[in-house]
Amino acid sequence: MQWRYHMRKIIDWSMSGAAMMATLCGLIPLILISMHLLRRGISSINLDFFTHMPQPVGEPGGGMANAIIGTCLMVGIATAIALPIGLLGGLYLSEFGERRTGAAVRFAADMLNGIPSIVIGIFVYGFVVVPLGHFSAMAGGIALSIIMMPMILRNTEEMLRLVPHALREAALALGIPYWKTLLRVVLVTARRGIVTGILLALARIAGETAPLLFTALGNQFWSLRLDQPMAALPLQIFTYAISPFEEWQQQAWSGALVLIGIVVILSLLSRWMVRVPQVKTDG
Amino acid sequence: MSADRILKWVTASFAMIVVVLLCGIGIMLLVKSWPAIHTFTWHFPLTRLWDPVQGAFGALPFIYGTVVSSLLALMMALPLGLGIAIFLVELCPDRLKGTIAFLVELLAAIPSVIYGLWGIFFLVPWLRETIEPWCIEHLGVVPLFEGPPYGIGMCAAGLVLAIMILPIIASISRDVLETVPNDQREAALALGATRWEMIRTAVLPYGRSGLFGACFLGLGRALGETMAVTMVIGNRPEISTSLFHPAATMASVVANEFTEATGELYLSALFGIGLVLLSITFLVNLGARWLVLSIGRLPQGT
């Protein structure tokens, strides 16, 4: 009896220990990746990196100004497309979406969220690039917007559902029409949660590479034209990482450091949005 | 029409865009891959030979590569992810909880291409110089560990994928375990269970379907993961029993060959691979959604 009791204790301890070990093991890759990124990437991060163009093979230095601007532009296009669809669609789901249409939209959004980004890339290739006849920044932005859309949609719905019913009823009791209640009271009350979701979606699409391969294609030169191929930070990192040239590989590490910086800042910002107590709504 | 109705219709039409897009993606891939489907019929996903020069297109090596690399990743990430979830929910002191959860989320936020970059320059050389020679020397008789140590290959792909799906499995499992009512725990403890016995008999069975859902979501992500895998798997359309042999996945062959595909049949075969990939991930995500939603329907421990 005594022996079984000890056995149970030992199993309890070793399982707790295993869970702790699992957590440590899970954090090791994070530590290794951040260490390597900092060590390899920091050396060529300077003002030139943000303001200069990529250099040809063999010439050290240079930067990724075009890729950084390209990423910003395409993320901007994606946001401009996905934001209205995500916000209004989310409003529909939370306020009118009890019936079958709502279930269909919810289902479609969840499935769309799970589609591999490379498949979205070839879809946009067939849908935008082939009819127009050439790769373009616009196509890249559209591909990113398809990834962003379901994320914003479902998050907006969830955040709107958290708004207490008493608030709607109070507004309605004051004689405010329902549509105005939704737009001016409900949406405004939930804005912090909604913005958090948007920031997380931005962090996700800023680093997407696969959907840009056959849409924006990438570009070694300066281009701001939306109907032409455009460089993007993740694309540039990919091209440089698989290249055989030492200088380019070095640039890939610095690009990766800049990209992870952008992603981490967006993630921290979204966390900060959640933590700061909600200020009184006066909208 | 009243303003309320207008708002309803406007929002409904924006919401329907998502449905239209989902159908559009399926239809587009079907139409574009039609020449390949028409030529190869049902042999397409069952043929081993992929030789664009000869005009022979079979998707089997890629389906094999995708499934094996994803299962490999799941086998590594599942015990770790579950361990992290158990640690966070049952064992972790409150002060550390937020920090560890944030670090795990950070792992999920790292873009795929950065995992690939890290894989090429650190993981692959490490595998090639340390792990693989050791395995081949000591375990070489097992077909799984045959062949020369390339570094790149199935093993590297599985490892990178495991790191990438770990945060998904960990964070969803954590959410699932947190929905387990405390009554369940207290009942088990009151019967004299140790903490581990409580987790095994009361907590894990209660969240079973949600935990399966977490697995499926992780699997769905691993199946479709493109960049990191493309950079470390070696892209060779061959089926080998060895884990150290280069291979290719559906996503990696599309990423690699799509822009260089000459000829209608070649391009259409790549669209066909996209269609197969879409169908598989669709089914897996369908399963995940069903399992995760079903936790909402469980009896709320009375």
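Protein chains get the first letters and strands the later ones, always in sequence-line order, with residue 1 at the start of each.
- Heavy-atom contacts from other residues, nucleotides or ligands closer than 6.0 Å to CE of A:M21 number 12 or fewer.
- No more than 12 heavy atoms of other residues, nucleotides or ligands sit less than 6.0 Å from atom NZ of A:K180.
- Taking both residues in full, the closest heavy atoms of A:A241 and B:F121 are given as O-CZ, 3.8 Å, listed atom of the first, atom of the second, then distance.
- Looking at every heavy atom in both residues, A:L213 comes nearest to B:A255 through CD1-CB, 3.8 Å.
- Using a 4.5 Å cut-off between heavy atoms, B:T194 touches chain A through backbone and side chain atoms alike.
- When each of B:M16, B:M250, B:R289, B:E105 is scored by its heavy-atom pairs under 4.5 Å with chain A, the top score falls to B:R289.
- Looking at B:L80, both its backbone and its side chain come within 4.5 Å of chain A, counting heavy atoms on both sides.
- Neither the backbone nor the side chain of A:A203 comes within less than 4.5 Å of any heavy atom in chain B.
- In this structure, the separation between OG1 on B:T281 and CE on A:M111 is 9.5 Å, given to the nearest 0.5 Å.
- For a residue to count as touching a neighbouring chain, one of its non-hydrogen atoms must lie under 4.5 Å from one of that chain's; by this rule B:L117 touches chain A with backbone and side chain alike.
- Residue-environment remark: OH (B:Y266) exceeds the threshold of 12 foreign heavy atoms within 6.0 Å.
- Contacts between A:L200 and chain B at a heavy-atom distance below 4.5 Å are absent for every atom of the residue.
- When each of A:L91, A:V130, A:I260 is scored by its heavy-atom pairs under 4.5 Å with chain B, the top score falls to A:I260.
- Using a 4.5 Å cut-off between heavy atoms, B:I25 touches chain A through backbone and side chain atoms alike.
- The choice from B:M198, B:K8, B:R195, B:M231 that makes the most heavy-atom pairs within less than 4.5 Å of chain A is B:K8.
- If you measure heavy-atom distances from B:I17 to chain A, the contacts under 4.5 Å come from the side chain alone.
- Highest contact tally toward chain A, considering only B:L275, B:V254, B:L166, B:I86, is held by B:V254 [criterion: heavy-atom pairs under 4.5 Å].
- Residues B:G274 and A:V119 come closest through the heavy atom pair O-CG2, 4.0 Å.
- The contact between B:A193 and chain A is made entirely by backbone atoms, counting heavy-atom distances below 4.5 Å.
- Using a 4.5 Å cut-off between heavy atoms, A:Y178 touches chain B through backbone and side chain atoms alike.
- With a 4.5 Å cut-off on non-hydrogen atoms, B:F282 touches chain A through its backbone and its side chain both.
- Closest heavy-atom contact between B:V113 and A:P234: CG2-O, 3.8 Å.
- In terms of heavy atoms, A:A19 sits closest to B:G83 at CB-O, 3.7 Å.
- Contacts between A:R8 and chain B at a heavy-atom distance below 4.5 Å involve backbone atoms as well as side-chain atoms.
- Contact of A:W253 with chain B is made through backbone and side chain together, with heavy-atom distances under 4.5 Å.
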So B:L91 and A:T23, side chain to side chain contact (heavy atoms under 4.5 Å, CB included) or not? Walk me through it. CA-CA 11 Å; B:L91 306 169; A:T23 310; over 6 Å; no
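- Only the side chain of B:K32 comes within contact range of chain A, judged by heavy atoms closer than 4.5 Å.
- Residue A:S16 touches chain B through both its backbone and its side chain, counting heavy-atom pairs closer than 4.5 Å.
- When heavy atoms are compared at a cutoff of 4.5 Å, A:L27 approaches chain B solely by way of its side chain, counted from C-beta outward.
- Annotation: B:W290 is not in aromatic contact with A:F107 [ring centroid separation under 6.0 Å not met].
- With a threshold of 4.5 angstrom between heavy atoms, A:A210 approaches chain B through its backbone and through its side chain.
- Taking the six-membered ring for Trp and thresholds of 30 and 60 degrees, A:Y125 and B:F271 have ring planes inclined between 30 and 60 degrees apart.
- For A:L37, the part lying under 4.5 angstrom from a heavy atom of chain B is the side chain only.
- Proximity to chain A involves both the backbone and the side chain of B:I110, based on heavy atoms less than 4.5 angstrom apart.
- Counting non-hydrogen atoms of neighbouring residues, nucleotides and ligands closer than 6.0 angstrom, the CZ atom of B:F216 reaches no more than 12 such neighbours.
- Across B:I114 and A:A256, no two heavy atoms sit closer than the pair CD1-O, 3.4 Å.
- Both the backbone and the side chain of B:L107 come within contact range of chain A, judged by heavy atoms closer than 4.5 Å.
- Between A:I115 and B:L22, the closest side-chain pair of non-hydrogen atoms falls below 4.5 Å.
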Evaluate the criterion side chain to side chain contact (heavy atoms under 4.5 Å, CB included) for residue pair B:N285 and A:N113; output intermediate values, then yes/no. CA-CA 9 Å; B:N285 283 316; A:N113 205 6; over 6 Å; no
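- Proximity to chain A (any heavy atom under 4.5 Å) is shown, for B:L286, by both the backbone and the side chain.
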